[in-house]
Structures are given as C-alpha cells and as structure tokens.
Amino acid sequence: MTDAKRPAPSAGDARPAPAQMAGIPKGLWHKCPKCRAMLYQKELERNLRVCGSCQYHFPLSTAERIAMLADEGAFAEIDANLLPVNPLGFPDYADKLARGRAKAGQNEAFVYGDAEIAGAPVVLGVANFGFMGGSMGSVVGEKVARALERGAELGRPVVLVCASGGARMQEGMVSLMQMAKTAAACERLKAAGQLYITILTDPTTGGVWASFASLGEIIIAEPAALIGLTGPRVLEQNLKVKLPPGTHTAEFQLAHGMVDLVVHRRELRGTVTRLLTMLAPARAAAAPAVE
Amino acid sequence: MTDAKRPAPSAGDARPAPAQMAGIPKGLWHKCPKCRAMLYQKELERNLRVCGSCQYHFPLSTAERIAMLADEGAFAEIDANLLPVNPLGFPDYADKLARGRAKAGQNEAFVYGDAEIAGAPVVLGVANFGFMGGSMGSVVGEKVARALERGAELGRPVVLVCASGGARMQEGMVSLMQMAKTAAACERLKAAGQLYITILTDPTTGGVWASFASLGEIIIAEPAALIGLTGPRVLEQNLKVKLPPGTHTAEFQLAHGMVDLVVHRRELRGTVTRLLTMLAPARAAAAPAVE
Amino acid sequence: MISTSRWLPFEKPLQDIDEQIRRLEEYTTTHGIDRSEKIRELREEHDALCVQIFSNLSAWDKTLLARHPNRPYTLDYIRMIFDDFVELHGDRRFGDDPAMVAGIASLQGQTVVVIGQQKGRDVKERTYRNFGSAKPEGYRKAERMMDIAERHGVPLVSFIDTPAAEGRLDAEERGISEAIASSMAHLSRLRAPVFAIVTGEGGSGGAIAIGVADHVAMLEHAIYSIMPPEGCAAILDTFGRDGSRGYQAAEALKLTAQMNLELGLVDEVVPEPFGGAHRDPLETAHRITACLRQRLPELQAIPVDALVGRRYAKFRAMGQFTAEMS
Amino acid sequence: MISTSRWLPFEKPLQDIDEQIRRLEEYTTTHGIDRSEKIRELREEHDALCVQIFSNLSAWDKTLLARHPNRPYTLDYIRMIFDDFVELHGDRRFGDDPAMVAGIASLQGQTVVVIGQQKGRDVKERTYRNFGSAKPEGYRKAERMMDIAERHGVPLVSFIDTPAAEGRLDAEERGISEAIASSMAHLSRLRAPVFAIVTGEGGSGGAIAIGVADHVAMLEHAIYSIMPPEGCAAILDTFGRDGSRGYQAAEALKLTAQMNLELGLVDEVVPEPFGGAHRDPLETAHRITACLRQRLPELQAIPVDALVGRRYAKFRAMGQFTAEMS
Ligand SMILES: [Zn+2]
Ligand SMILES: [Zn+2]
C-alpha cells in the first residue's frame with residue numbers, strides 16, 4: 001500500500017542535503033535534484049525552496065512550512081509531548097523511532113497547533129516526511145484527530161499539510177486503525193461546518209492519502225507532488241508493468257478530479273488566505289477566545 | 001434529448017399489433033419482432049407476453065402490467081380524471097392528445113393508484129408508451145409527484161413502471177420542469193424512509209430516465225430494454241457515428257452500474273415482492289388505514 | 001472587452017449604418033474633411049434602429065442572440081461580478097469537467113459558491129469546453145459545491161448557459177441521466193439559498209439540472225428551452241420534420257425570457273443593455289450584480305427550513321392541467 | 001459443500017493419516033477384509049492431531065489458512081446464513097464491481113443490508129472477482145448500501161475478505177483512496193447499526209474501508225493485517241527486505257484474531273469448527289448466524305444517536321502512545 005522503497009527526497013530532516021561538491025562551501029549551494037541546477041542557499045530560501053530554473057519544490061522542514069503558511073510568531077504547538085510506544089513489540093521499532101527523532105528533531109512525524117493565517121485563527125498541522133517517511137502511527141493519528149476535533153470544538157478551520165509514505169508498518173493494525181479514526185474526525189469537523197483544507201506535498205501516499213488527506217473539503221497539491229495509494233515504483237515492481245509517465249502526480253490527480261488545485265508554493269499562502277477569508281469570515285471573529 | 005424517431009414497438013396501445021398475415025386468423029397469432037417466431041396468442045399471454053423462443057419482452061398495456069404486478073383486484077386508480085391542457089398553445093397538440101387518448105384508451109400516459117403486491121400496500125404507477133410515446137407533460141409529472149408524495153405521506157413504498165421517449169415537446173419548458181418536480185418528490189419519499197423501486201421497460205429514455213426513473217432507490221430493468229438519455233439512433237444520426245452494438249440496453253446500464261438488476265418478466269413480481277417483504281415489513285402493517 | 005465582430009441576420013440594418021460610419025470616419029482621417037455632423041446623425045439613426053430592432057426580436061432572433069459567440073460566458077461574468085474567485089476542480093470520482101466551472105467567490109464581501117456551464121469562444125476553447133455541454137463529472141462537481149454551500153451556509157449561485165448535457169456514449173456510460181437527476185434532487189433539498197440565472201442558452205435537462213433555485217432569473221435575450229428549436233422542428237411532424245423550420249418551433253416553444261416569466265417558470269427577467277449583452281458585457285454584469293445584491297439578502301432572510309419548503313412548493317406547482325368532472 | 005482438496009504445509013500429518021484411511025477403505029472394498037477397527041483408531045488419531053495442530057497455529061499458518069482456496073467466501077456465507085438475499089449492483093457512477101457484493105438479506109425475518117468483498121474460487125472467477133480486491137466502484141456501491149440501511153433503519157452487515165484494495169492505475173484514476181476514505185467516513189457517521197466480520201483475509205485499507213463497525217468480529221483463523229506479511233518482509237530492513245521471511249513478519253505484525261482482540265481492535269473472536277472453516281463451512285456459517293442473532297439485537301437496542309457516538313468513541317480510542325512529562 002505504501003511506496004516505502006521510494007527514496008526519500010531527503011535523507012535527513014526533510015531538507016535537501018547540502019551540496020558537498022569540491023570547492024563549494026558546504027551548505028551554501030544546493031543541487032536541484034530535478035534539473036541539476038546549482039542553487040545558492042539564500043536565493044533558494046528567498047524562493048521558498050523552489051528551484052528558480054525548473055520550479056522543483058524542495059521539501060520543507062516543519063519549521064519552514066509553518067513559517068511559510070502561518071503569520072509570524074502566531075503558531076503555538078499543542079501536544080508536542082506525545083510519544084510513540086511499541087504496541088506490537090515490533091523488532092527494531094524503538095531504534096527506528098530514536099533515529100527518526102534524532103534526525104527530524106521532533107518527537108513524531110506530525111506537529112500541530114493553533115495558528116493564524118493572515119489574521120484568521122486556524123488549527124494548523126504539518127507532517128514531516130523526514131520522520132520515518134511521515135508514516136502514520138498512533139501518535140500521528142491521535143494528533144490529526146485532535147487537530148480536527150479542536151477545529152470542530154472551537155469553530156476554527158483546519159489546515160493540514162500532508163506528506164507520508166503511508167501507514168506505520170511497525171504498529172501493524174493499530175496504525176491502520178488511525179485511518180478510521182482520522183476519517184471519522186474529518187466528518188466531525190465537516191458536520192460542524194468548518195472549513196477543512198488539506199495541502200498535499202511530495203509525497204502523499206498510502207493510508208494517509210486514503211484517509212484524512214483525501215477527505216479535505218478543499219484539496220490543494222504542490223506541483224509535481226507524488227500522490228497515490230500505491231506509488232508508481234511499487235506498482236511497476238509488483239506488477240512488472242511500465243506505467244505511463246506522469247501518473248500519480250499532483251497534475252494527474254487534478255486531471256482525474258481528485259484535487260481542487262495545484263498551486264505553486266509562492267501562491268500557496270495567498271490561496272489559503274483567500275479561501276479562509278471567504279469560507280471562515282464571521283466564524284473567525286465569533287470563535288471563543290481560548291488560551 | 002429524446003429518441004423520438006425510434007419506431008414505437010407498437011403503433012397502437014402499447015400492445016403488439018395483431019399479426020395480419022394471410023390465412024392466420026386476426027388476433028390469434030403474433031410475430032416476434034426480434035426472432036420472427038409466430039407466437040400463439042394464448043401461449044404468449046401465459047408467458048406474460050414474452051417470446052418463448054428468444055425471450056423478447058413484448059410491451060404490456062397498462063392493464064396487463066397492473067395485472068402482472070398487483071394482487072388481483074387490488075388496484076384502485078387515483079386521479080384518472082386529470083387531463084392535459086395546451087399551456088403553450090402548441091400547434092397540433094390538441095389533435096395529438098385526442099389521438100393518444102383514443103389509441104391508449106386512457107386520459108394520459110401515466111396511471112397510478114393504491115395497490116397491494118403480495119399483500120403489501122404500495123403506491124403503483126405505470127407509464128404507457130402508447131400514449132404519445134410515454135412522454136412526460138404536466139399530467140404525467142403531476143401524477144408521478146402525487147404518487148411519490150402519497151407514498152411519503154401514507155408510509156408506503158412506491159413502485160413506478162417507466163416507459164418514455166422523454167419530455168413532452170408540445171409543453172415545452174412546462175414539460176421539462178416536471179423533471180425538477182418529480183426529482184424533488186423522489187427526495188421527499190426517500191427522506192420519509194420509504195422504499196422506492198423503479199422498473200425500467202422498453203424504452204425508458206430522455207427526461208424520464210434523467211429524473212424520477214434514475215432516482216429509484218432500487219432500479220430494476222426488463223431484459224434488453226432501451227435505456228439512455230439520448231437513444232442510440234439519434235446519436236448515430238446526429239453525430240454520424242456508428243455505436244457498438246448493445247449500448248443503451250438494460251444490460252449495458254447494469255454493466256455501467258446504473259441499474260441494480262435486470263430481471264426476466266416472469267421473475268419480476270417475485271423480485272419486487274421479496275424487496276417489499278424485506279424493506280417494508282413493519283411499515284405495511286403500521287400504515288394508517290385510508291380509503 | 002469583447003468586440004462585436006459577428007452580425008446576426010436581424011442586425012443587418014445596423015451593420016449597414018456601422019459600415020457607413022466607418023467609411024465616413026476613414027474619409028475624415030484620410031481627406032481631412034470633417035463629416036462629424038453626418039456621423040452624429042448616423043449614430044442617432046443607428047441607436048434608434050437598435051432600440052426598435054431589439055424590442056421586436058422574434059423567438060428565433062433571440063435563439064441566435066442567446067448563442068452569439070461574443071455574448072459573455074460564465075467565466076466572463078464571474079470575473080466581472082465578483083471581487084474574488086477561487087476556482088475549484090474535480091468531482092472526486094472520475095475527472096474535472098471544463099464544461100462546468102465551479103468555485104468560491106466573493107460578492108462585495110458576501111461569500112457565495114458558484115457553479116455554471118462554460119462555453120468556449122475560439123475553436124480550441126470550444127472543444128476544450130465541449131461547447132458548454134457538461135458530462136456526468138461536471139454535474140457531480142456541481143453537487144460537491146452544493147455540499148460546500150450547505151456546510152458553510154452560504155448561497156449557491158448558478159449560471160446556466162448550455163445547449164444541452166452531453167449525451168454521447170462516454171457520458172452515457174458514466175450515467176449522465178443519473179447525474180442530471182441527482183443534481184436536481186440535491187438542489188431541491190439543499191439547505192442554503194439557491195440563485196440561478198439563465199445567461200444564454202438554457203437548454204434541456206442539462207440546464208435545469210443546475211436550475212432548481214429559489215430565485216431563477218433570465219437575461220432579457222436568453223432562452224430557456226426543452227430542446228434546440230431546430231431539433232424540435234426536425235423531429236415533429238408539426239413542422240414537417242424539417243430542421244430548417246426552427247424559427248417556427250422557436251415561436252411555438254415559447255422559449256424567450258418573457259414567455260418563461262409569463263408561464264411562471266422563471267421569477268425575473270434582467271434587462272440587457274442597449275443592443276444585447278454582447279454589446280456591453282460590463283453593463284450586463286452590473287445588472288446581474290444588482291440583481292444578486294437584491295435577491296440574495298431576500299433569500300438569506302428566510303429561515304432555511306422555510307426556504308427549502310418554499311423551493312419545493314415552487315417547482316411542485318409547475319405544470320398545467322385540468323380535472324375532468326366525473 | 002466445499003471439498004478439502006488442498007493441504008497446507010502444517011496439515012501434512014493430517015494428510016498422511018487421511019491417506020492411510022483412504023487406502024484401508026479401498027482395501028476393505030477390494031479385498032472384503034474388515035479393517036474398520038484400524039480405521040476408527042486412525043480417525044481418532046486424526047482428530048486428536050487436528051485439535052493439537054489447530055490450537056497451536058503460528059501467525060504464518062493462519063495467514064495461509066485465511067487464504068485457503070476452499071475457505072468459504074462471502075457469497076457462500078450469504079447463501080448459508082440468510083433466508084433470502086437480493087443482490088444489488090452498481091455504484092450509479094461508473095460500474096459494478098464483482099469484487100464487492102451487496103444486497104438486501106433476511107436473517108430469520110430480520111432484514112439487513114449486506115456488503116462484502118468476494119474472492120473467486122476457480123481461475124476464471126478469481127479473475128472476474130479481481131482476487132477480492134475491490135475498485136473505487138466497489139466501495140461506492142457499498143456506500144450506496146449504507147444509505148439504504150440508514151434510510152430503512154436496518155443493520156448493515158459487512159463481510160471482510162480481501163488481500164487489499166485494488167491499487168492499479170485504473171483504480172487510482174477513479175480515486176481508490178478517496179473511495180476508501182469516504183467509505184470509512186460514511187460508516188463512522190452511519191445512523192444504523194453496523195456489524196462487521198473478518199472471515200478470511202482482512203488486508204489493509206481495503207479491509208478497514210468496510211470495517212468501521214459497532215461490533216467487529218473475526219473468525220478464529222482469519223487475519224487482519226496492515227499489509228500481507230510477505231510484502232512487509234520485503235520492504236522492511238528488519239526482515240532483510242526478504243519477502244520469503246513473511247513468516248517472521250506475520251508473527252511481528254500480530255495479525256491473528258487473538259492478537260487483534262487483545263489489542264482491542266476487534267470485539268469478538270468467533271471460533272471455527274474443528275480443523276478450520278473450510279472443513280465445515282455450514283457449521284462456520286451457523287456460528288456466524290448465532291453471533292449475528294446475538295449482536296444485532298444488542299446494537300438495535302441502543303438509540304441511534306448513542307450508537308453513532310459509541311462507534312466514534314471506539315475508533316477514536318484506538319492507538320497507543322504516551323505523554324512525555326515536560
Ligand atoms: Zn531545478
Ligand atoms: Zn422471439
């Protein structure tokens with residue numbers, strides 16, 4: 001179901017590894033993995049980590065993503081202290097969690113909290129592909145459900161930035177049940193009449209795409225992001241077929257009616273803001289003041 | 001939208017015209033229009049007007065259809081006295097109505113009433129293709145809506161036998177609005193939690209198929225019945241294309257997920273009875289006694 | 001804006017005057033002789049004739065006008081009427097239908113959800129938009145928008161402009177009839193105000209599928225018809241089954257805004273500017289905006305239960321018949 | 001009924017005894033010498049061994065058993081459990097999926113709506129049923145059935161038996177992920193009692209899509225797994241990315257009925273008859289019937305608002321984590 005063999009766009013914390021070519025100061029230059037252009041670090045940052053020559057969207061760290069979407073200083077993380085356990089006693093899981101934690105610099109593959117976007121209060125969640133491929137175990141599922149329930153209870157829109165290789169294998173069916181749990185929570189948010197936006201980044205696959213990610217009332221994807229139940233590489237390996245180019249991309253899903261918009265990163269915050277302005281106008285003001 | 005050029009299976013009252021071949025007593029023998037077999041009248045009647053050799057389903061008159069579906073003597077027509085008018089002052093319409101009335105022996109192309117099927121009280125409606133091609137004008141729309149509303153109000157399932165070339169051209173947009181009116185009435189019946197079965201007979205096309213007929217909670221079609229928005233002949237004429245054989249049939253619609261069941265006429269009453277038994281069990285007993 | 005490059009048959013006298021004016025202007029430029037007095041006269045003549053012609057259009061003239069390729073289309077109106085519009089795509093089932101556009105829009109601070117058929121102006125866009133004939137995925141996208149409107153309690157605004165729903169084999173295979181029926185049924189119970197306007201061709205079930213509204217307006221020269229009059233003429237022996245007698249069928253079908261209003265099938269006719277919508281799209285848009293600004297608050301003032309009941313009753317009452325004394 | 005023609009590896013000792021019995025019976029017939037005493041002894045030995053083997057099955061043994069080609073499939077159970085069943089077809093959108101069956105059934109006078117994946121037994125039917133892997137149209141047909149159950153206030157009964165949902169390109173194009181998500185979401189708010197039973201392979205999101213139930217039962221030797229253990233072994237370095245180590249992954253994934261019960265993910269394990277469901281399909285069906293006869297009235301006794309709230313709370317509580325002291 002997942003595309004776990006797909007090489008992670010980054011080996012570490014969901015940022016591209018710094019270019020390490022001879023003569024180029026480490027960390028100052030990055031090579032675009034798509035067009036091979038050498039990109040100056042500052043320039044890349046100014047471009048929201050989009051390649052200026054081919055528009056490849058580099059992965060963002062959680063902090064970068066929040067900075068890009070939320071108003072400055074307006075994000076307050078919730079439930080940062082939730083930690084995964086090993087419900088099945090799965091071999092190696094503890095090690096892998098420790099490694100993921102060290103690499104990503106966060107407790108799990110998903111962070112959420114209260115935020116404001118252009119002044120509109122929202123609940124904002126961000127997945128981190130760098131933590132065990134953004135896979136959804138109990139903690140991710142719990143945080144996603146809490147984010148959605150918080151939106152329903154406080155009368156706030158929920159914006160979730162998705163990135164995942166799928167369900168977390170090491171938690172077995174406990175992991176898979178997070179699909180049901182988050183899907184049910186989506187319904188609660190919708191029943192409360194609150195806007196629910198999902199933002200699909202590269203890659204959004206498996207059990208995440210087949211649950212809360214595809215239940216967005218409005219679904220936005222970043223250009224060229226890999227999106228699908230089973231990634232094309234896994235399909236090609238398992239079925240010994242060659243897929244036509246361009247399948248399982250954001251643009252493919254747009255053409256097949258599965259996402260509303262493919263939006264360049266530079267227009268992402270603007271698009272979300274416009275939707276929030278139009279679909280959560282009075283509610284923002286009427287929401288009870290908490291914290 | 002309609003397939004009006006399609007020759008009516010019968011010229012007269014939706015029964016096959018009696019065979020008029022030399023030497024064969026008029027009315028005793030019928031020729032199967034599909035396999036050309038000569039069928040003895042009594043035999044054909046015993047077979048519910050299905051050709052014993054190729055299973056072609058001959059059209060039924062309203063009386064035959066009611067006799068086939070409802071318990072004997074358990075049909076009480078309602079609103080038989082509703083008559084069409086000429087809302088647009090359309091040329092020839094009055095003549096056509098008079099001819100349709102004379103040929104079909106009924107006031108309009110649709111008859112409905114209270115009935116019992118295997119003891120279960122239902123509202124039963126039957127369209128007559130022999131009356132101006134079963135087209136839906138104001139009277140047909142009104143009667144269909146009343147049948148559906150009656151089911152909702154009295155807590156009874158509604159069974160509608162459909163046959164239509166589409167909307168009634170001579171009533172223009174007044175006719176087309178019957179689509180909206182009947183579709184809305186279907187929602188009322190469903191909201192009341194009452195079973196709604198449509199039975200599609202040859203042909204069910206145009207505005208009837210695109211409104212109350214395709215909104216059946218359970219949709220049953222007779223074998224080989226022509227079903228579609230635009231009939232294949234009209235499509236072929238208008239678009240100068242040749243369609244593959246078998247399009248726009250009951251079996252085609254089954255394969256494409258649009259009908260639940262294709263049921264041979266000899267099993268039709270049985271199937272409807274089983275569905276009524278299962279999906280309207282307590283309600284039948286609990287329904288208020290009226291009339 | 002959109003140029004009036006194509007002339008309809010009944011506009012011939014106007015075209016002639018325009019041509020005279022153009023030649024006189026050219027003459028002025030090339031010869032330096034002032035013919036402005038004559039031009040002014042011709043302009044007055046043109047305007048008077050225009051008023052006369054456009055107040056005496058036949059049903060067939062209006063049919064041609066409603067299909068005029070320079071007439072504004074749904075996306076033109078959306079751009080002119082709303083302060084903001086985020087177009088949304090896809091039915092979440094099969095595809096995205098370019099013949100049906102949809103999205104969230106802002107009307108001077110009032111959020112609305114918009115749906116509408118979209119025709120194409122040039123050959124390429126016409127093909128892309130399938131001539132404004134939506135497929136099942138178009139109607140299912142529209143239904144998804146209905147859910148959004150209901151969930152957020154904002155009005156749905158529907159722009160109707162289609163010759164018909166697509167009836168070809170691929171549309172049939174994916175259930176075009178079910179899609180039309182389901183869309184009507186969904187609108188009939190939608191717990192949000194629904195406003196619809198027929199802006200051009202309101203053709204057949206494909207039009208009414210998004211026309212089950214609390215308030216249905218029609219532009220002055222739009223048509224709302226059970227089928228294209230040529231098609232009607234071609235199949236009815238009333239017209240000798242002769243498609244070229246569409247002008248007669250148009251008359252008989254009473255497909256004009258005025259007749260639809262008289263028949264009680266639409267609620268309001270929005271006057272078009274001088275010479276038709278295609279001569280002044282912006283003014284046409286202003287008039288639609290004014291209509292929306294008046295009607296939406298009226299509909300929003302009605303409690304939603306009452307609104308849904310009222311909508312049901314309105315369509316329930318459509319149809320004319322009599323009861324024979326027994 | 002279904003013959004037990006195929007033997008699984010762990011059944012080898014049973015197969016040997018069966019073969020001895022068969023030969024002795026043949027000997028009796030052909031030579032007329034009575035070996036019934038010996039046959040009786042062998043039968044006793046067989047039965048004792050069977051009990052021993054089947055009470056010590058590994059997770060991998062159960063994986064093989066859950067996929068046993070002679071194990072009853074959904075339509076087998078439907079035929080054996082219900083007095084009547086009208087199968088319904090189609091999603092009203094695109095097609096009818098033979099990998100998902102659905103319909104209205106009667107359980108000793110109690111009407112239920114039934115959905116479930118359907119595998120095929122012979123090569124032809126396996127292909128026709130797509131090996132029990134449903135496509136978007138299958139899940140959308142199931143959703144249509146959910147509406148019917150809700151409308152009529154009758155319980156929904158779901159039979160789960162699938163390796164996974166279909167993930168190939170055509171399923172992807174029509175939104176298999178959306179279909180799975182939507183099905184789960186729909187079940188989570190369904191205003192009708194929902195009963196599910198994992199009868200064979202409960203594989204991945206394709207299984208859980210129809211498994212969001214008030215009461216989830218599992219047959220004793222069924223499995224409920226995040227993915228096929230061979231697949232898991234093939235992609236995790238934990239198992240050296242070696243698909244042949246599926247038996248280890250099966251153990252690690254805790255995919256048996258007993259472990260799923262212990263983890264609180266299912267509510268009940270229904271014991272299978274002596275030697276597994278495929279040895280006595282009718283008895284297995286009787287046990288499922290008994291389970292339904294017990295559970296449905298319990299669920300129907302709960303007011304529907306409470307039922308939906310309880311269902312939400314049940315799935316909401318699934319997951320294990322801890323909170324770090326800050
Ligand atoms: Zn690049
Ligand atoms: Zn025959």
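Letters go in sequence order (proteins before strands), and every chain restarts at 1.
- Contact detail for A:S211 and D:A181: the closest heavy-atom pair is O-CB, 3.5 Å.
- Heavy-atom pairs under 4.5 Å with chain D peak, among A:G141, A:P87, A:P84, at A:P87.
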**OP:** Go through the steps to decide whether A:M179 and D:M184 satisfy the test side-chain contact (heavy atoms from CB on, under 4.5 Å), and finish with yes or no.
**Re:** CA-CA 8 Å; A:M179 291 173 68; D:M184 291 187 301; 3.8 Å; yes

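- Looking at every heavy atom in both residues, D:G167 comes nearest to A:L229 through CA-CD2, 4.3 Å.
- Judged by distance alone, the side chain of A:S138 and the main-chain N or O of D:G319 form no donor-acceptor pair under 3.5 Å.
- A donor-acceptor contact shorter than 3.5 Å links the side chain of A:K181 to the backbone of D:M318.
- Listed options A:K190, A:E149, A:E171 were ranked by heavy-atom pairs under 4.5 angstrom with chain D; first place goes to A:E149.
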**OP:** May I have the step-by-step check of side-chain contact (heavy atoms from CB on, under 4.5 Å) for D:L253 and A:F90, ending in yes or no?
**Re:** CA-CA 7 Å; D:L253 286 171; A:F90 203 92; 3.8 Å; yes

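- Pairing each heavy atom of A:A180 with each of D:V212, the nearest pair is CB-CG2, 3.8 Å.
- Residues A:E187 and D:S188 approach most closely at CG-OG, 3.9 Å, considering heavy atoms.
- With rounding to the nearest 0.5 angstrom, the CE atom of A:M177 is 12.5 Å from the CD atom of D:Q320.
- Contact check on A:E142 versus D:R316 returns a salt bridge, with a Lys/Arg side-chain nitrogen under 4.0 Å from an Asp/Glu carboxylate oxygen.
- Here the closest non-hydrogen pair linking A:M169 and D:C232 is CG-SG, 3.5 Å.
- Heavy atoms closer than 4.5 Å to chain A are found nowhere in D:A164, neither backbone nor side chain.
- A:T182 contributes atom OG1, which lies 12.0 Å from atom CZ of D:F315 (distance to the nearest 0.5 angstrom).
- Most heavy-atom pairs under 4.5 Å with chain D, from the set A:A185, A:G89, A:S175: that is A:A185.
- The two atoms that bring A:A167 and D:I226 nearest to each other are CB-CD1, 3.6 Å, heavy atoms only.
- A:P244 is listed as a side-chain neighbour of D:L169, based on a closest heavy-atom distance under 4.5 Å.
- In this structure, the side chain of D:E324 does not engage the main chain of A:L83 through any donor-acceptor pair within 3.5 Å.
- Distance check: D:I180 CD1 to A:L215 CG gives 11.0 Å after rounding to the nearest 0.5 Å.
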Subject >> side-chain contact (heavy atoms from CB on, under 4.5 Å) evaluation trace for A:H248 with D:E172 >> reply: CA-CA 8 Å; A:H248 300 77; D:E172 186 69 45; 3.7 Å; yes

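- Between chain D and the residues A:T247, A:L239, A:V241, A:L243, the largest count of heavy-atom pairs under 4.5 Å involves A:L239.
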Subject >> Verdict with supporting geometry, A:Q170 and D:L236, side-chain contact (heavy atoms from CB on, under 4.5 Å) >> reply: CA-CA 9 Å; A:Q170 293 83 357; D:L236 286 190; 3.8 Å; yes

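- In this structure, no portion of A:N238 lies under 4.5 Å from any heavy atom of chain D.
- Of the atoms belonging to A:F252, it is side-chain heavy atoms, and not backbone ones, that fall under 4.5 Å from chain D.
- For A:R188, the part lying near chain D is the side chain, with the backbone staying farther off; criterion is any non-hydrogen pair under 4.5 Å.
- By number of non-hydrogen pairs under 4.5 angstrom with chain A, the leading residue of D:R311, D:E173, D:R168 is D:E173.
- For D:T322, the parts sitting under 4.5 Å from any heavy atom of chain A are the backbone and the side chain alike.
- Here CG of A:N81 is found 10.0 Å from CZ of D:F321. Values are rounded to the nearest 0.5 Å.
- Between A:M173 and the options D:L263, D:I223, D:L265, a side chain to side chain contact (heavy atoms under 4.5 Å, CB included) holds for only D:L265.
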